[in-house]
Amino acid sequence: MERRRRRDLLVAGVALAALPARAAGRKVKQEEEVSPGEDLMREHGVLNRVLLVYDETVRRLENGEDGRLDVLAAAAGLIRRFIEGYHEKLEETQLFPRFEKAGKLTDLVAVLRQQHAAGRALTGDILQLGVPATAGNSAARARLLDALRKFIRMYRPHEAREDTVLFPAFHELVGEKEYERLGEQFEEKEHELLGEKGFEKAVAEVGELEEALGVFDLAKFTPR
C-alpha cells in the first residue's frame with residue numbers, strides 16, 4: 001500500500017512538473033496568434049508612423065529647409081505597397097462586403113471606400129511630386145504641400161474610426177469561429193503579397209525613414 005502511495009505521488013509530481021512547460025507552450029502559441037482586429041490596428045501603426053514622416057516633410061518645406069524628398073518618395077512608396085496594396089485591399093474584400101451584406105454601418109463603409117479612393121489619388125500626386133525638381137519649383141512645392149496636408153487630415157480620423165467602430169463591430173458581426181479563421185487567412189495573404197515577415201519589414205522600413213528625418217527618437221516628442 002505504501003509503495004503504491006509513493007508511486008502515485010511520484011506520477012503526480014511528474015505531471016505537475018510538466019504543467020509549466022505545457023502552459024508555456026500554450027502561452028507562446030497564443031502570443032504568436034494575432035487576431036484580425038489586432039493585425040489591422042498594427043498596420044495602422046505603420047500608417048501613423050508614415051504620417052509622422054509626412055508631418056516632418058511639411059514642416060521642413062514650410063520653413064524652407066531640405067524637405068528630403070527622396071525620403072518622402074520612399075514613404076509614399078511604402079503607403080502604396082503596404083497600406084493601399086495590402087491593408088486596404090483586405091478591408092475592401094473581407095470587411096466592407098460583410099457589413100454591406102448585413103446592412104450594418106453601411107454609411108460608414110461608404111465613406112471609408114471613398115476615402116480609400118481619395119487616398120490613392122493623393123498618393124499618386126505625392127509620388128509624382130516627390131522628386132528633386134519640386135524643391136526649386138514654388139508651384140509644384142505648393143501642390144505637394146496641399147496633397148500631404150489633405151492626406152494627413154483625412155487618414156487620422158479615418159483610421160481612428162476604423163479602430164474604434166468598424167473593427168470591434170467586425171468581430172461581433174462574424175462571430176468567434178470565422179474571426180479566428182480570418183486571422184489565419186490574413187496572415188496567408190500577408191505572406192503572399194509581402195513575403196515572410198511583411199509587417200516586420202514595413203516597421204523596419206518606416207523606422208529607417210524616421211531616422212533619416214531625425215524623428216525616430218521618441219523622447220524628442222516629450223514636452224519639456
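Taking 4.5 Å as the limit, every side-chain heavy atom of Val111 sits out of range of all side-chain heavy atoms of Asp107. The shortest side-chain heavy-atom distance between Leu51 and Glu159 falls under the 4.5 Å cut-off. Taking 4.5 Å as the limit, some side-chain heavy atom of Phe167 sits within range of a side-chain heavy atom of Leu95. With contacts defined as side-chain heavy-atom distances shorter than 4.5 Å, the pair Leu40/Leu166 does not qualify. Looking at heavy atoms from C-beta onward, Arg49 lies in side-chain contact with Glu210 at the 4.5 angstrom threshold. At a threshold of 4.5 Å between non-hydrogen side-chain atoms, the residues Leu90 and Phe186 count as touching. With contacts defined as side-chain heavy-atom distances shorter than 4.5 Å, the pair Leu108/Phe99 does not qualify. Within the 4.5 Å cutoff, the side chain of Leu61 has heavy atoms near those of the Leu144 side chain.
Salt-bridge check for Glu56 with Arg59: passed, with a basic side-chain N closer than 4.0 Å to an acidic carboxylate O. By the 4.0 Å N-to-carboxylate-O rule, Glu205 lies too far from Lys201 to be salt-bridged with it. Using a cut-off of 4.0 Å between Lys/Arg side-chain N and Asp/Glu carboxylate O, Arg120 and Glu88 are scored as salt-bridged. Under the 4.0 Å criterion applied to side-chain N and carboxylate O atoms, Asp70 and Arg68 are assigned as salt-bridge partners. Between Arg42 and Asp39, at least one side-chain N (NZ, or NE/NH1/NH2) sits under 4.0 Å from a carboxylate O, which counts as a salt bridge. A salt bridge links Lys150 with Asp146: at least one charged nitrogen is closer than 4.0 Å to a carboxylate oxygen. Ion pairing of Lys104 with Glu172 is absent here, as no side-chain N (NZ or NE/NH1/NH2) approaches a carboxylate O to less than 4.0 Å. A salt bridge between Asp55 and Arg149 is absent, with no side-chain N of the basic residue lying under 4.0 Å from a carboxylate O of the acidic one.
Atom NZ of Lys197 has 12 or fewer heavy atoms from other residues, nucleotides or ligands within 6.0 Å. Around CZ of Arg80, the count of heavy atoms belonging to other residues, nucleotides or ligands within 6.0 Å exceeds 12.
Under the 4.5 Å side-chain heavy-atom criterion for grouping Ile, Leu, Val, Met, Phe, Trp and Tyr, Leu122 is connected to Phe82 within one hydrophobic cluster. Linking ILVMFWY side-chain heavy atoms closer than 4.5 Å, directly or via other members, places Val50 and Phe216 in two distinct hydrophobic clusters.
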Would Arg141 and Leu129 count as a side-chain contact (heavy atoms from CB on, under 4.5 Å) here? Give the steps.
CA-CA 8 Å; Arg141 198 165 59 249; Leu129 294 164; over 6 Å; no
What verdict does the side-chain contact (heavy atoms from CB on, under 4.5 Å) test give for Val71 and Thr57, after you've listed the backbone C-alpha separation in whole Å, the side-chain angles of each residue and the deciding distance to 0.1 Å?
CA-CA 9 Å; Val71 175; Thr57 303; over 6 Å; no
Derivation of the side-chain contact (heavy atoms from CB on, under 4.5 Å) call for Lys220 and Val215
CA-CA 8 Å; Lys220 286 185 176 181; Val215 293; over 6 Å; no
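The two residues Val174 and Glu178 come nearest to each other via the heavy atoms O-CB, 3.4 Å. Taking each heavy atom of Gln94 and Phe170 in turn, the nearest pair found is O-CE1, 3.7 Å. Heavy-atom minimum distance, Ala147 versus Ile126: CB-CG1, 3.9 Å.
Using cut-offs of 30° and 60° for the angle between ring planes, the Phe151 and Tyr54 rings count as perpendicular. Using bins of under 30°, 30° to 60° and over 60° for the plane-to-plane angle, the ring pair His44/His87 lands in the tilted bin.
Annotation: the span from His116 atom NE2 to His158 atom NE2 amounts to 3.5 Å, rounded to 0.5 Å.
With Gln185 as the fixed residue, the side-chain hydrogen bond (donor to acceptor under 3.5 Å, both in side chains) test singles out one of Arg181, Glu187, Glu188: Arg181. Each of Glu92, Glu91, Glu100 was compared with Arg113 under the salt bridge (Lys or Arg N to Asp or Glu O under 4.0 Å) criterion, and only Glu100 meets it.
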